[in-house]
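In what follows, a structure is listed as structure tokens, so that the remarks can point back to it.
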Amino acid sequence: MRYAMAIDTRKCVGCSDCVVACQTENDVPNGFCRDWVKEVVDGTYPNVSIELRSERCNHCANSPCVRCCPTGASHFEEGGIVLVEHNKCIGCGACIESCPYEARYSHPDGYVDKCTFCIHRVRQGNDPACVSVCPTRCMYFGDLEDPNSKLVNVLKNRKFKSLAPEAGTQPQIFYLL
Amino acid sequence: MHTRRKFIKIGALGLGATAVTTAVASWATGNTSGSTRSVNDRAVSGWHRFPTYCEVCFWKCAGWTYVSPEGSIQKIIGNDDDPQCNGRLCPRGTGGVGMYSDPDRLKTPLIRVTKNGEQTYREATWDEALDFIANKMKEIAGKHGPESIALFNHGTPGKYFTHLLNAFGSNNVAAPSFAQCRGPRDTGFELTFGESVSSPEVTDIRDTRCLVLIGSHIGENMHNGQVQEMSEAIDKGAVIITVDPRLSTAASKSKFWLPIKPSTDLALLLAWIHVLIHDNLYNREYVAQYAEGFNELKEHVRDFTPEWAYGITTIKPELIRHTAREMANAAPSVIIHPGRHTTWYGDDVQRSRAIAILNALLGSWGNRGGIFFKEGIKIPDFPRPAYPKPSWSWQDTLNGRYPFAKEAVTNTIIEASIPKPGMEHIIKGWFVAGTNLVVSIPLKEQLMQAMQALDLLVVIDTMPMEITGYADVVLPECTYLERYDDLRATAHREPTIALRMPAVQPSYLTKPSWWISKQIGERLGLGAFYNYKDFKEVLQWQLKQIGSSMEEMERIGLKKYPRKSPVYIESIAEFKFKTASGKIQLKSNELQEAGFDAMPVYTPHPQPEDGYYRLIYGRAPMHTFSRTANNRNLVALMPENSVWVNPQVAELWGLRKDQHVWLKNQAGVLSNFSVKVRITERIRWDSVYIVHGFGHHHKPLTYAFGRGVNDTELISRLAIDPIMGGTGMRGNFVTFVKTEPRKEGKL
Ligand code: SF4
Ligand code: SF4
Ligand code: SF4
């Protein structure tokens, strides 16, 4: 099992519903977020294009954050989900520094927090909150090892990219182009 | 001007704030979510869910409010069965709980009093406030007749106060959503097809092969179902053509973006009509069967060639021809989207007519992938006596103008509230429910004059919006999560109804509008119009009439009814449009008879002088007009607006990214606050763009106060549409003021 996400930049409208849904689902304190939306504008008027991207922890297969965590709070769960165990975390912030995606933040309660791929929902067979709320249905969550999944299907049929591949982290969020 | 009515800042009064009451409603239905969390997530079990439909915008998506056993609202999730949202609320709906938890909410009734010569509000009991209102209403009616009370409204609360006024003897009920928004579109389509496209719009975007957007920014306007369908259309490979001076989100997803010179849309539309007709691309069969006036139209557009339009719109002739062919290839599965906010340049009905005519030539009305026929369930009125017939109505405030206004025009109701010698119809009292007139009506001076002259101004809202500062009485409404409301009955592809019930009890001393209306009604001796104990009784009765019940609706939230009538035109023999002749009016005899152009004509509109830029305003997906700017669940996503400036313009003015500037319009009107500069290639060099709904100047909105600018205050020149009274607002130009203007000259 290898959980991953594909996000269709052609459909995303940048509405940030994924951000709000994550905040209410996961009780993310006001002013912090586990996911966010980037707008990249390219070209000069009138030959301009925009890419809208919903970003979050990439649940990297080769994750620098897990490697550098001194307490083992950052660890892998089933399907390669990268998780922080809050009561083991001492809030040292080494992982925040090591993440090339700036996916982690210091929770006011003294530990480091980030996207969990909504493991509590996934274990019950549901999609993550952001995926299930997205009005444009531009996000696909699933198991890369399941050839029949919608996720594998879109990745087979579309061009895609991942972010900062040069960092060698083997990110598991793919952006459909 | 005599200023009797001083603006009062509610928050400055230090009013007592009782704690939020969040006890789980005792009528909990036993809907348990059953979810238990593990890992490092908060443990949750035993949540109850209550059906609702969202009130953060007019789309009214059906959903569920989840409440913990302790009685705190956990989240709001869309109802999977609702075709308006398909289980997915938009960011505002998902963050709707922020309306409930907003610390700045109105908490208790307030009455204006004068203390030591100063005007202020005092906290009042409901009885005091309601008695005061009823007595004033009687007094006004005694002097001027009940017609002298008017209502301005938006959203569900409006219905209850409309009922109150109708029972009292007035039908002076106006909504800014007509003359400040969708009025021109509705009028243009009614004149052409005999009916408009309703809300939610009956555009079959899901199945279209070609979607044409003209200044309509779906995706930034988060009209949920439409956004979802546009995404589906993208998946299915539909061709999207977007006309916009700004690279909107929709434009960025389009196969063709036509970066038009602002104010010239009608020239482009006429050129498209020209190409369709003169290049023989139109739907001959459909036009022959359903439309009249074709030959006159053909003659009318003879000279409106793409080459002619190029000089006006800056859109290349080849591109005009090419896009017209794309539309024709897809026809009749094509939608030239009617838009929604269409009060732009004062000839907006005519522009909407041109859009309607294009749809007609392509045969989209009544066809799959075009504009479909809706069907809905009619909810019967709870038994009541007949309303008395008013001796005059809003039509009498038009004074012979705007002959095609089918709904009350806010501007003329405001005019009728300003006393003038020899006036026959005067308005002396206002109810304002759910609309912040100060921000939604661009006629600031008139509005202020009118409010000064009133004998009674009652504002009903959940939040201390600017308008509350002018009220004699402020009534705190509870939020949609704390009340029963009318059933949502939607006419669309399938007839549906949705229930809203309280998930928690009203916080503070807030009350639902149905209760407020009933209380005032009873004090006016109109008890017969409120022959029920509470609104649940009304709903129970109504649901029974349409074959459902409270128990069923509490369980499912949304009910679909089987469709009885055809969705498309082809299955109807001899289809008749709802126009006088039963045919589509390519040429409008009605308009001609009233002295207007029978077919749309392009008129040039004023252009900005050197150093000025056209002010274009629009929407952001995480905000609804000015009402979400204080919602703590949404503000982090967009705390303030910025002014979009083309890099060339920024260079000319030496503007830096995020620099604060003030905006000044052609009449010298200066923005209340400064705004951050956003330098972006997404906007033309002759325009600037700001998102509407920011720049609140009412301190009690503790978060929103002073963040960004309010476009409405810069819209001081209006182009009024003579056909229906719409206030065209896109003819204002602004320039940049780089140093704090109010400090200038002080040193
Ligand atoms: S909810 Fe979907 S459409 Fe909206 S920003 Fe997130 S990914 Fe994009
Ligand atoms: S998967 Fe869950 S935790 Fe991660 S961004 Fe989406 S909603 Fe937030
Ligand atoms: S579109 Fe969004 S704000 Fe409007 S009703 Fe639906 S969820 Fe609520």
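Reckoned from all heavy atoms, side chains included, excluding hydrogens, waters and symmetry mates. Letters A, B, ... are given to chains in the order of the sequence lines, protein chains preceding strands, and every chain is numbered from 1. All values derive from a computational prediction rather than experimental measurement.
- Between B/D235 and A/K11 there is a salt bridge, since at least one side-chain N of the basic residue sits less than 4.0 Å from a carboxylate O of the acidic one.
- Contact check for A/S74 versus A/R104: side-chain heavy atoms found under the 4.5 Å cut-off.
- For the pair B/R682 and B/W644, the cation-pi criterion (under 6.0 Å, within 45° of the ring axis) is not fulfilled.
- Within residues 129-143 of chain A, the residues having any heavy atom less than 4.5 Å from a heavy atom of chain B are, in residue-number order, A/V131, A/S132, A/V133, A/C134, A/P135, A/T136, A/R137, A/Y140.
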Please step through salt bridge (Lys or Arg N to Asp or Glu O under 4.0 Å) for the pair A/E102 and A/K38, ending with a clear verdict. CA-CA 13 Å; A/E102 297 178 57; A/K38 263 215 178 118; over 6 Å; no

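- Looking at heavy atoms from C-beta onward, B/T249 lies out of side-chain contact with B/M230 at the 4.5 angstrom threshold.
- Both the backbone and the side chain of B/R684 come within less than 4.5 Å of a heavy atom of chain A.
- Cation-pi geometry between A/R56 and A/Y101 is not met: the NZ or CZ atom fails to fall both under 6.0 Å from the ring centre and inside 45° of the normal.
- Atom OG in A/S63 sits 10.5 Å away from atom CG in A/N58 (nearest 0.5 Å).
- Interface check for chain A: of the options B/S231, B/G87, B/P621, the most heavy-atom pairs under 4.5 Å are formed by B/S231.
- Your options are B/C90, B/A636, B/G95, and the one with the most heavy-atom pairs under 4.5 Å with chain A is B/C90.
- For A/E51, no part lies near chain B; criterion is any non-hydrogen pair under 4.5 Å.
- Here OG1 of B/T94 is found 9.0 Å from CG of B/L634. Values are rounded to the nearest 0.5 Å.
- Looking at B/S248, only its backbone comes within 4.5 Å of chain A, counting heavy atoms on both sides.
- For the options A/I50, A/V37, A/V48, heavy-atom pairs under 4.5 Å to chain B are most numerous at A/I50.
- Looking at B/N646, only its side chain comes within 4.5 Å of chain A, counting heavy atoms on both sides.
- The residue among B/L89, B/N224, B/N633, B/I234 with the most heavy atom pairs within less than 4.5 Å of chain A is B/L89.
- Nearest heavy-atom pair, B/A620 versus B/M638, reported as atom, atom and distance to 0.1 Å: CB-SD, 3.5 Å.
- If you look at A/Y105 and A/F32, their ring centroids are closer than 6.0 Å.
- Heavy atoms of A/S49 lying under 4.5 Å from chain B belong exclusively to its backbone.
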